[in-house]
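Below, chains carry the letters A, B, ... as their sequence lines are ordered, and counting in each starts from 1.
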Amino acid sequence: MPELPEVETTLRALSPHLVGQVLQRVDFRAPKLRLPMPVAADVQGRRVEALERRAKYMLATLNDGQTLLMHLGMSGRFSIFYQNDTSDTVTPISRLAPTPLATHDHAVLATDTVEMRYNDPRRFGMFVLMPTATRLNHPLLADLGPEPLSPDFDGNALHAALRGRRTALKPVLMDARVVVGVGNIYAAEALFAAGIHPETPAEALGPTLCARLADAIRATLTRAIATGGSTLRDYRQPNGEAGHFQDTFAVYGHAGKPCRVCATPIAQMTQAQRSTFFCPHCQPHTQGAR
DNA sequence: ACCCCGACCTGAGGGC
DNA sequence: TGCCCTCAGGTCGGGG
C-alpha cells in the first residue's frame with residue numbers, strides 16, 4: 001500500500017510529535033513483522049533527534065547513535081492518540097482519543113503527550129534498529145536509487161537507470177534501484193500522465209520521453225502528498241483521516257471505465273504479478289521512443 | 001547482471 | 001451461512 005506519498009504524509013504528521021521528544025514508553029507487541037522486532041528497551045528512553053524519509057522507509061535518529069527504521073509494508077499505518085484528555089497545551093492534531101489497543105496494533109511509541117500506534121494487518125512492515133553512522137550502508141538502504149523529488153532525479157538520471165533494462169517499463173519503474181518510492185499505483189498514474197504505454201521496453205525510452213516521465217513521476221507524487229496520499233483499504237493519515245488522492249486516479253482501479261481524457265475504456269493487464277491499468281488510446285505503444 | 005517467481009500474512013469480496 | 005478462490009499499496013531471496 002503505502003508508497004512514497006503515504007510514507008511522506010505519515011512522516012509529516014509524526015514529526016511534530018517525535019522530533020525532540022523522548023520515547024518514554026515503547027512496546028513492540030509482535031515478536032516479528034517481516035523482520036524480528038528490536039528490543040523495546042533498546043529504544044525506550046531515547047530522544048528522537050530527527051525523522052527523515054528515504055524511499056519508503058522512515059528513519060528516526062535517536063540520541064544514542066542508533067537509528068530506528070520503520071516501514072509500513074502493504075497495510076501499515078500509524079495513528080496518533082492523546083495520552084490523556086488534559087492536553088490543552090498540545091496542538092490538536094489528532095481527533096483520536098485513547099481507545100483500547102486493537103487487533104494488529106504491533107507497536108506503540110509514546111512521548112509525554114501522545115501515543116503513536118502502528119497497526120499492520122498483513123505484517124509486511126518492519127522496525128529495525130541500526131547504527132546511525134553506517135545506516136546508509138545497511139542492506140535495506142545501500143542499493144536504493146535516487147529520490148524522485150530530489151534534484152538529482154531528472155530525465156538524464158532516469159535514462160541512465162533504464163539502460164540495459166529490456167523488460168516492460170512499468171515494473172522497472174517500481175524497482176527501487178531505478179527510482180525509489182514509486183509503487184503500483186503511482187507507476188500506473190505517472191505513465192498515464194506521461195502518455196507512455198506500460199509495456200514499452202524500458203531501455204527503448206529516449207531522452208525526451210525520459211524527461212517527460214521523470215516530470216510526470218514528480219508531479220504525480222507531489223500532488224498525492226498534497227492530498228494526503230491514497231486510501232484504498234488500510235492506509236490512514238495519522239490523524240485518522242483517509243487520504244484523498246484515490247479520488248483523482250486516472251487509471252488505477254478504473255478498468256472498463258471511460259478514460260477521463262478520451263473516453264476509451266481503461267484497460268487492465270498483469271505485469272510482474274501486479275495489476276496494471278492504462279488507457280490504450282492516451283498511452284499508445286511508442287516505437288523508437290524518443 | 002537481469003528477470004521471473006514464490007514467499008511472507010491477513011482480510012475482503014465474489015461465486016457457488 | 002460457509003467454503004474456496006482470488007486479489008490487495010512491498011520487498012527479499014532463490015533460481016534460471
Q.
Can you tell me if A:R165 touches the phosphate of B:dA1, counting only side-chain N or O atoms and a distance under 4.0 Å to OP1 or OP2?
A. no
Q: Decide whether A:E189 and A:T220 meet the rule of one side-chain donor and one side-chain acceptor closer than 3.5 Å.
A: no
Q) Looking at A:D143, A:N137, A:L144, which hits side-chain contact (heavy atoms from CB on, under 4.5 Å) with A:L141? A) A:L144
**Q.** N or O in side chain of A:Q273 less than 4.0 angstrom from B:dG6 OP1/OP2
**A.** yes
Q: Identify, with sequence neighbours excluded, every residue that meets side chain to side chain contact (heavy atoms under 4.5 Å, CB included) alongside A:R53.
A: A:L4, A:V7, A:E8, A:L11, A:E147
Q. Roughly, in whole Å, what's the span from CZ in A:R274 to C1' in C:dC12?
A. 13 Å
(Q) For C:dC12 and A:R34 - does any side-chain N or O of the residue sit under 4.0 Å from the phosphate oxygens OP1/OP2? (A) no
**Q.** Ring geometry between A:Y118 and A:H106 (parallel below 30°, tilted from 30 to 60°, perpendicular above 60°)
**A.** tilted
Q | Rounded distance in Å - CG (A:D175) to P (B:dA1) | A | 13 Å
Q. Cation-pi between A:R218 and A:F153: NZ/CZ under 6.0 Å from ring centre and within 45° of the ring axis?
A. no
**Q.** Sugar-phosphate, base or nothing in reach of A:Y57, heavy atoms under 4.0 Å
**A.** sugar-phosphate
Q: Write down the distance between CG (A:L72) and C1' (C:dG10), rounded to a whole number of angstrom.
A: 11 Å
Q) A:R77 near the nucleic acid: base, sugar-phosphate alone, or nothing, with a heavy-atom cut-off under 4.0 Å? A) nothing
**Q.** Base-pairing string, 5' to 3', of DNA chain B - Watson-Crick or wobble, under 3.5 Å, | interstrand
**A.** .|||||||.|||||||
Q: Kindly point out which of B:dC2, C:dC7, C:dG10 is positioned nearest to the side chain of A:K56?
A: C:dG10
Q: Check whether more than 12 heavy atoms from other residues, nucleotides or ligands sit under 6.0 Å from atom CZ of A:R223, and answer yes or no.
A: yes
Q | Check: A:F245 ring centre within less than 6.0 Å of A:Y252 ring centre | A | no
Q: Round to a whole Å and report the spacing from CG of A:L35 to P of B:dA7.
A: 19 Å
Q) Could you state the NE2-C1' distance from A:H71 to C:dC12, rounded to the nearest angstrom? A) 11 Å
Q. Name the one of A:M269, A:R274, A:Q273 that satisfies side-chain contact (heavy atoms from CB on, under 4.5 Å) with A:Q271?
A. A:M269
(Q) What does the B/S/- profile of nucleotides 9-14 of chain B look like, 5' to 3', with a 4.0 Å heavy-atom cutoff to protein? (A) BBS---
Q: Grab the CG-P distance between A:L141 and C:dT11 for me, whole Å please.
A: 11 Å
Q.
Which nucleotide wins on minimum distance to the side chain of A:R166, given the candidates C:dG10, C:dC7, B:dC3?
A. B:dC3
(Q) Is it the case that over 12 heavy atoms from other parts of the model lie below 6.0 angstrom from the NE2 atom of A:H197? (A) yes
Q | Nucleotide C:dC7, atom P - distance to CD of A:Q271 in whole Å | A | 15 Å
**Q.** First of A:A272 and A:R163 reached from the 5' end of DNA chain B, by closest nucleotide
**A.** A:R163
Q. What integer distance in Å separates A:E6:CD from C:dA8:P?
A. 16 Å
Q) Is A:R12 close to A:I225 at the side-chain level, that is, under 4.5 Å between some pair of heavy atoms? A) yes
